[in-house]
> 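Have a look at this one.
The structure displayed is predicted, hence computed values, not measured ones. Residue numbers run from 1 in the order of the sequence given.
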Amino acid sequence: MASIRYFLVFSLSCSFLFLLSESNYVTNPAYLLVLPTQKDVSTGLHWTNLLKRTPLIQVPVLVDLNGNQLWLNCEQHYSSKTYEAPFCHSAQCFRANTHQCLSCPAAARPGCHKNTCGLMSTNPVTQQNALGELGEDVLAIYVSLGTQLGELFTVPHFLFSCAPSFLLQKGLPMNVEGVAGLGHGPISLPNQLASHFGLQRQFTTCLSRHSSSSKGAIIFGDAPNNFHELHGHAIFQDLAYTPLTITPQGEYNVRVNSIKINKHSVTPVNKISSTIVGHSGGTMISTSTPHMVLQQSLYESFIQGFAQQLPKEAQVKAVAPFQLCFHSKNISEYPGVELVMDKPNGPVWRISGEDLTVQTQPGVSCLAVVNGGMQPRAEITIGAGQLEENLVVFDLAKSRVGFSTSPLASHGLKCSDLFNFVNV
């Protein structure tokens, strides 16, 4: 009897150790998971190299803040010893919230199997949709304790969509093979990582403004409480928070109460719609558009207000798609923009002139704000350019967004300083 008891204890212990080695479960709440990001100069969008498959390889994908899941092109060059296609009506399909069955008539390969789940994928730039196969495969991500990147932790059965290759044809950086969705969908990157590793449902973006050789980061886990200092600066100390609303499509929305340029109000408070679930209006935060986008009437007021803060002799002929352009050398300082969040005396999200301008040709810069027309997806879209070189915390557990009231530049720091990315 004693020998049987010993055998059972030994077997359970071995099984427990095996499970730990399989998933590298994060038992220390101070651990953070880190995904290095880079900026694509031609599109102004940001991408990352995901480590996937068996054996592990780098797979470049666009970072889409509002995407529902990770989707990849599996039609070309997808080779992995660990790819699986869950059967229709399986637990994996239920978790992905898909009840559509799919059968591919061709020879079996990743993205083409019989009796699997169908899942819609979206190109976030063109908004083109396509049906693909739900798949699962290994995903690996760096773990960090402080500013040093550590070992790779793995998710053996990470769920994603195998999308048709034509979704990659327009709007995306040339090198990418898919899109990494950070939205609120059940199998989005943050939700799967939080569930698998037992992390707090929270992630932080710090996107680099600079060339592709300078890397930013997406940090999964409780960075504000576990990333204490960077070169002697408590960079998360001055966060301000505003309520976060999730739209039916899983997009991240906040409310902007008013906009000010050099302390002058651009538009009356009641001209900016509040965020109402299921309706247009509100403010969307997006990484799939490089620039701020405003509803047409708000855009016209904004352009006029910004132009009034610049010398008329500095203005030059507009360069599409921008309306207000000027000689850079004639501008000593760009007007500062303030987004007053949530309520009249709410926290202020300050956007520097550098975050709102783009050089279109030597010596000429333009206000990088785009006319969204009369009925855009949101009255205000805060684009990737406004997120760059700033810490933005998406606290999904508490339904709030945190933003730094003192940008990293005020400490003499950049997003590329967060981690040592030399060997990544």
> Determine, stepwise, if the pair C88 / C93 fulfils disulfide bond (SG atoms under 2.5 Å apart).
CA-CA 7 Å; C88 195; C93 301; 5.6 Å; no
> V266 vs K260, test: side-chain contact (heavy atoms from CB on, under 4.5 Å). Steps then yes/no.
CA-CA 5 Å; V266 170; K260 296 180 180 180; 5.9 Å; no
> Locate the shortest heavy-atom distance separating E389 from C415; write the atom from each residue and the value.
OE1-N, 2.8 Å
> Hey, can you tell me if Y252 and H184 have their rings parallel, tilted or perpendicular (30° and 60° cut-offs)?
perpendicular
> Does I285 offer a backbone N or O that forms a donor-acceptor pair with the side chain of N66 under 3.5 Å?
yes
> Would you say L50 and I141 make side-chain contact, with heavy atoms under 4.5 Å?
no
> So, the side chain of W71 versus the backbone of T122: is there a donor-acceptor pair under 3.5 Å, distance only?
yes
> Report the C-alpha distance between S286 and S288 in whole Å, list the side-chain angles of each, state the deciding distance to 0.1 Å, and finish with yes or no for side-chain hydrogen bond (donor to acceptor under 3.5 Å, both in side chains).
CA-CA 6 Å; S286 172; S288 60; 3.0 Å; yes
> With no hydrogens and no angle check, just 3.5 Å: does a side-chain donor-acceptor pair link E133 and H113?
yes
> If you round to the nearest 0.5 Å, how far is NE2 of H157 from CD of E136?
6.0 Å
> Any side-chain donor-acceptor pair under 3.5 Å between D222 and Q202?
yes
> Are more than 12 heavy atoms from other residues, nucleotides or ligands located less than 6.0 Å from atom OH of Y241?
yes
> Could you go through the side-chain hydrogen bond (donor to acceptor under 3.5 Å, both in side chains) check for D64 and T287 one step at a time?
CA-CA 6 Å; D64 179 17; T287 55; 4.5 Å; no
> Look only at the side chain of Q386 and the backbone of M292, and say whether a donor-acceptor pair between them is shorter than 3.5 Å.
yes
> Over all heavy atoms of both residues, which pair between N371 and Y299 is shortest? Give the atoms and the distance, please.
N-CE1, 3.5 Å
> How about CD on Q127, more than 12 heavy atoms from neighbouring residues, nucleotides or ligands closer than 6.0 Å, or not?
yes
> Determine whether more than 12 heavy atoms belonging to other residues, nucleotides or ligands lie under 6.0 Å from atom CD of Q249.
yes
> With no hydrogens and no angle check, just 3.5 Å: does a side-chain donor-acceptor pair link S214 and S208?
yes
> Measuring only between side-chain heavy atoms, which start at C-beta, is V392 closer than 4.5 Å to V401?
yes
> Can you name the closest pair of heavy atoms from F326 and I331 and give their distance?
CD1-CG1, 3.9 Å
> Roughly how far apart are T245 OG1 and E251 CD, rounded to 0.5 Å?
12.0 Å
> Can you pull out every disulfide bond (SG atoms under 2.5 Å apart) where at least one residue sits in residues 158-195? Sequence neighbours excluded, please.
C74-C162
> Check the pair C101 / C117 against disulfide bond (SG atoms under 2.5 Å apart), numbers first and verdict last.
CA-CA 5 Å; C101 295; C117 310; over 6 Å; no
> Does F220 form a ring pair (Phe, Tyr, Trp, His ring centres under 6.0 Å) with Y142? I'd like the steps, not just the answer.
CA-CA 10 Å; F220 300 94; Y142 289 99; over 10 Å; no
> Which pair of non-hydrogen atoms, one from S80 and one from T54, has the smallest distance, and what is that distance?
OG-N, 3.1 Å
> Please report the shortest heavy-atom distance between A314 and N330, naming the atom on each side.
CB-CB, 3.7 Å
> Within the structure provided, determine whether F394 and R400 are in side-chain contact (heavy-atom separation under 4.5 Å).
no
> If you measure only the distance, is there a donor-acceptor pair under 3.5 Å linking the side chains of Q295 and S297?
yes
> Would you be so kind as to tabulate the donor-acceptor pairs closer than 3.5 Å made by side chains of residues 167-182, with sequence neighbours excluded?
none

> Go through the steps to decide whether L356 and V337 satisfy the test side-chain contact (heavy atoms from CB on, under 4.5 Å), and finish with yes or no.
CA-CA 9 Å; L356 278 173; V337 173; 3.3 Å; yes
> Just how far is it from atom OG1 of T205 to atom CD1 of I219, taken to the nearest 0.5 Å?
9.0 Å
> Taking atom CG of L131 and atom OG1 of T98, what is their separation to the nearest 0.5 Å?
8.0 Å
> Can you find a pair of side-chain heavy atoms, one from Y78 and one from K52, that are under 4.5 Å apart?
yes
> Between N253 and T247, is any side-chain donor less than 3.5 angstrom from a side-chain acceptor?
no
> Side chains of L413 and L230, heavy atoms from C-beta outward: is any pair under 4.5 Å?
yes
> Between S195 and Q192 (side chain of the first, backbone of the second, donor and acceptor by atom type, cut-off under 3.5 Å), is there such a pair?
no
> Output, in order, the C-alpha distance, side-chain angles, deciding distance and verdict of side-chain hydrogen bond (donor to acceptor under 3.5 Å, both in side chains) for S121 and S161.
CA-CA 7 Å; S121 299; S161 173; 2.9 Å; yes
> Give the intermediate values and the outcome of side-chain hydrogen bond (donor to acceptor under 3.5 Å, both in side chains) for residues T289 and T381.
CA-CA 8 Å; T289 176; T381 297; over 6 Å; no
> To the closest 0.5 Å, what do you measure between CG (L189) and CG (L33)?
9.5 Å
> Just by distance, do the side chain of T43 and the backbone of L45 share a donor-acceptor pair under 3.5 Å?
yes
> Report yes if the side chains of V63 and I218 come closer than 4.5 Å at any heavy-atom pair, otherwise no.
yes
> For side-chain contact (heavy atoms from CB on, under 4.5 Å), just list the numbers for V316 and V364, CA-CA rounded to whole Å, side-chain angles, deciding distance to a tenth of an Å, and then say yes or no.
CA-CA 8 Å; V316 297; V364 175; 4.0 Å; yes
> Which atoms form the tightest heavy-atom contact between N191 and G183, and what is the distance?
ND2-O, 4.3 Å
> Could you tell me if the side chain of S365 sits less than 4.5 Å from the side chain of K329, heavy atoms only?
no
> Counting only N and O atoms by type, is there a donor-acceptor contact under 3.5 Å from the side chain of Q69 to the main-chain atoms of L134?
no
> Any donor-acceptor pair under 3.5 Å linking the side chain of T360 with the backbone of C366?
no
> Going from CD on Q304 to CD on Q323, what distance comes out if it is rounded to the nearest 0.5 angstrom?
10.5 Å
> Take E388 and H46 through the test side-chain contact (heavy atoms from CB on, under 4.5 Å) and record every step on the way to the result.
CA-CA 10 Å; E388 291 171 354; H46 295 259; 2.9 Å; yes
> Between D137 and R53, is there a side-chain N and carboxylate O pair less than 4.0 Å apart?
no
> State, yes or no, whether a side-chain contact exists between T283 and E379 at a heavy-atom distance under 4.5 Å.
no
> Scan side-chain atoms only and decide if S406 and D238 contain a donor-acceptor pair under the 3.5 Å cut-off.
yes
> Please lay out, stage by stage, how F158 and H196 fare under the test ring pair (Phe, Tyr, Trp, His ring centres under 6.0 Å).
CA-CA 9 Å; F158 192 90; H196 183 81; 9.0 Å; no
> Does F94 CZ have over 12 foreign heavy atoms under 6.0 Å away?
no
